[in-house]
Amino acid sequence: MVEARRPAAAIFVLYGATGDLAKRMVLPAFYNLAELGLLPLNWRLIGSGRGNWAHEDFVGHVRQSLRAFGTEPHGAAWADFQRCLRFAGGDFAHDGHGALVEAIGEARAELAGSPQLIHYLAVPPQAFEGLTVSIGKHGLAEFSRVVYEKPFGTSQDTFRRLDRVAHRVFDESQIYRIDHFLGKEATQDLHVLRFANGLFSGMWNRQSVRAVQIDCPETLGVADRADFYDHTGAVLDMLVTHLFQIAAEVAMEAPASLEPADLQAARESVIAKFRPIDPADVVLGQFDGYRRLAGIAPRSRTETFVAAKLWVDSPRWRGVPFLLRTGKRLHQTHQSVSLLLNQPSGPFGPLPVDGNVLTFALDGAGEIKLQMLAKQPGVGLTLGKATATVPVASISDRTPLPPYARMIHDVLSGDRSLVTRPDGLAHVWKVAQPLLDIGRTPLRYAPGSWGPTAARRVAGRDGWLLGQ
Ligand code: BG6
């Protein structure tokens, strides 16, 4: 068992510090770690952004971000935290502004020893390359770590190009490509439950499982980030990123050990067994009204919904469909991974399809649910569906960590178990290529529905567990 320790002293450079991702996710997660005593004893966070903000304005911005998206900053915790914030303005990627280099130099002088330098790129993927080159040019790559958010590339070609640039500047051991779905508490329970319990390790295969459903509908729209979304779409934003990584987490073989490198290797190497997606197994949708949103092209063909069938050609999973679905403005928000179990042969005739299902709810603090058939009390023999639910928060008195806090802590402490790997991603883009080439106009669907009705057929006779 590995207990969380305080990582060594660090300088955390947050590129895109005044942007949306930093505001919603990174800054609140960083503060969260401070509150939990999981930050290094000595650290500096240097915000890098285009504007020439005064120090006080940046501190005010951080405070606003925590108020809106994290916990209320107050008292000694906030006073200590804000003392470690710095801001370096200017367009680092383009004019090589010296402010950041200077700020890093000052932070190094202020902190004792040799603090770990971390470059966190909370910027749109198009900016990854320019920033990476600038980091190298300014001699800031040595002894540092770099964090890229998903998607790392948007096709096989852009992935290869970005990978080349990243490796020209950094060694693979310095690169942290993160996908926050892997940082969710219940996601990690996928492998913990499986490898720690005989009941689950015995059933984790095609002999016991008839289908896997990874279903992430969202009621949320895209109005607050229309431009980004219209250039991205559900396939890149969710399917080949988050949902593929979760599929790999389910499908992986047992790692050689639970050491980070072995866990990472097990998850990322199974992606080579994913069969390229057959366009006939895909339904794309776009919700009515999408094209009328400000910032969306009036004739946009961007998909806001995708349902797809994925096959994993490994001896463990051959013939078991992995059904993936996600979309915006749907009927419900949920993130669930379900293993539908085969019906046992024996005295009972046909049983309900959803009679025996193991589900991991990834959203919120996470939940594990086991649905089973049991005898209804009383005379006679009538089956009833019974569910055992384990909220992750109930497992101990320790607080579940939000995924970004977990990922940032991993980066600070050099734990690469939840980081994606270039061989895995190279396969992701290969598997996804037929889907990226599909060139099909998405089917329309009503907001509040379950997406285009055609998506039903992707799930076949079992249907979608959450709803059609
Ligand atoms: C993000 C996607 O990566 O994940 C969003 O860009 C999506 O479109 C979000 O809504 C869902 O993740 P979360 O944080 O709600 O688990």
Side-chain angles (χ1 to χ4, degrees), residues 16 19-30 32 65 68-70 120-128 147-154 176-190 214-247 249 284-287 290 293 295-296 300 302-306 324-337 360-367 392 400-408 418-420 425 428 442 447 451 466:
D20 199 58
L21 181 64
K23 179 172 74 182
R24 286 172 189 276
M25 299 295 185
V26 187
L27 291 167
F30 210 82
N32 208 202
S65 310
F69 301 104
Y120 193 110
L121 276 59
V123 295
Q126 310 83 277
F128 287 173
V147 184
Y148 298 101
E149 288 272 344
K150 64 91 209 184
F152 192 78
T154 49
Y176 290 70
R177 298 171 208 82
I178 63 170
D179 182 307
H180 80 277
F181 269 49
L182 292 177
K184 290 174 183 268
E185 293 280 8
T187 301
Q188 292 154 67
D189 266 319
L190 279 162
I214 303 177
D215 203 358
C216 298
E218 295 180 280
T219 54
L220 206 78
V222 297
D224 54 344
R225 49 183 199 145
D227 185 52
F228 158 82
Y229 197 86
D230 207 31
H231 287 95
T232 309
V235 168
L236 292 178
D237 186 43
M238 294 286 289
L239 186 87
V240 304
T241 44
H242 299 320
L243 273 51
F244 269 29
Q245 290 297 328
I246 298 296
E249 182 76 24
L284 301 177
Q286 186 187 77
F287 65 80
Y290 174 76
L293 295 175
I296 302 292
S300 172
T302 299
E303 74 289 348
T304 59
F305 171 96
V306 56
L324 316 180
R325 178 172 74 165
T326 185
K328 302 290 184 195
R329 298 294 311 275
L330 293 178
H331 184 70
Q332 192 188 348
T333 295
H334 204 29
Q335 296 172 346
S336 79
V337 181
F360 297 77
L362 309 187
D363 36 352
E367 232 170 43
V392 169
L401 266 191
Y404 270 87
R406 165 67 200 239
M407 305 302 286
I408 293 172
L418 305 180
V419 171
T420 61
L425 292 182
V428 161
L466 287 183

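Ligands are counted one by one from 1 in listed order, and the atoms in each one are counted from 1 as well.
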Parallel, tilted or perpendicular, as decided by the 30° and 60° cut-offs, for the rings of H242 and F181: parallel

Interfacing atoms of ligand 1 (cut-off 4.0 Å, heavy-atom, D237): 2 (C), 5 (C), 6 (O), 8 (O)

Nearest-contact summary for atom 15 (O) of ligand 1 - protein heavy atom, Å: Q335 NE2, 3.7 Å

Candidate with minimal heavy-atom separation from atom 5 (C) of ligand 1, of K150, E218, R24, R225: R225

Close-contact set for ligand 1 against K328 heavy atoms, below 4.0 Å: 5 (C), 7 (C), 8 (O), 10 (O)

Short side-chain donor-acceptor distance under 3.5 Å, D230 and T302: yes

Which residue and heavy atom of the protein sit nearest atom 13 (P) of ligand 1, plus the separation: H180 NE2, 3.5 Å

Donor-acceptor contact below 3.5 Å, side chain R406 vs main chain L401: no

Any H242 heavy atom less than 4.0 Å from ligand 1: yes

Whether E303 side chain and V235 backbone form a donor-acceptor pair below 3.5 Å: yes

Ligand-residue contact atoms, ligand 1 with K184, heavy atoms, under 4.0 Å: 13 (P), 16 (O)

Between Q335 and K184: side-chain donor-acceptor atoms closer than 3.5 Å: yes

Part of Y229 within contact of ligand 1 (heavy atoms, under 4.0 Å): neither

Within 6.0 Å of NE2 in H231, more than 12 heavy atoms from elsewhere: no

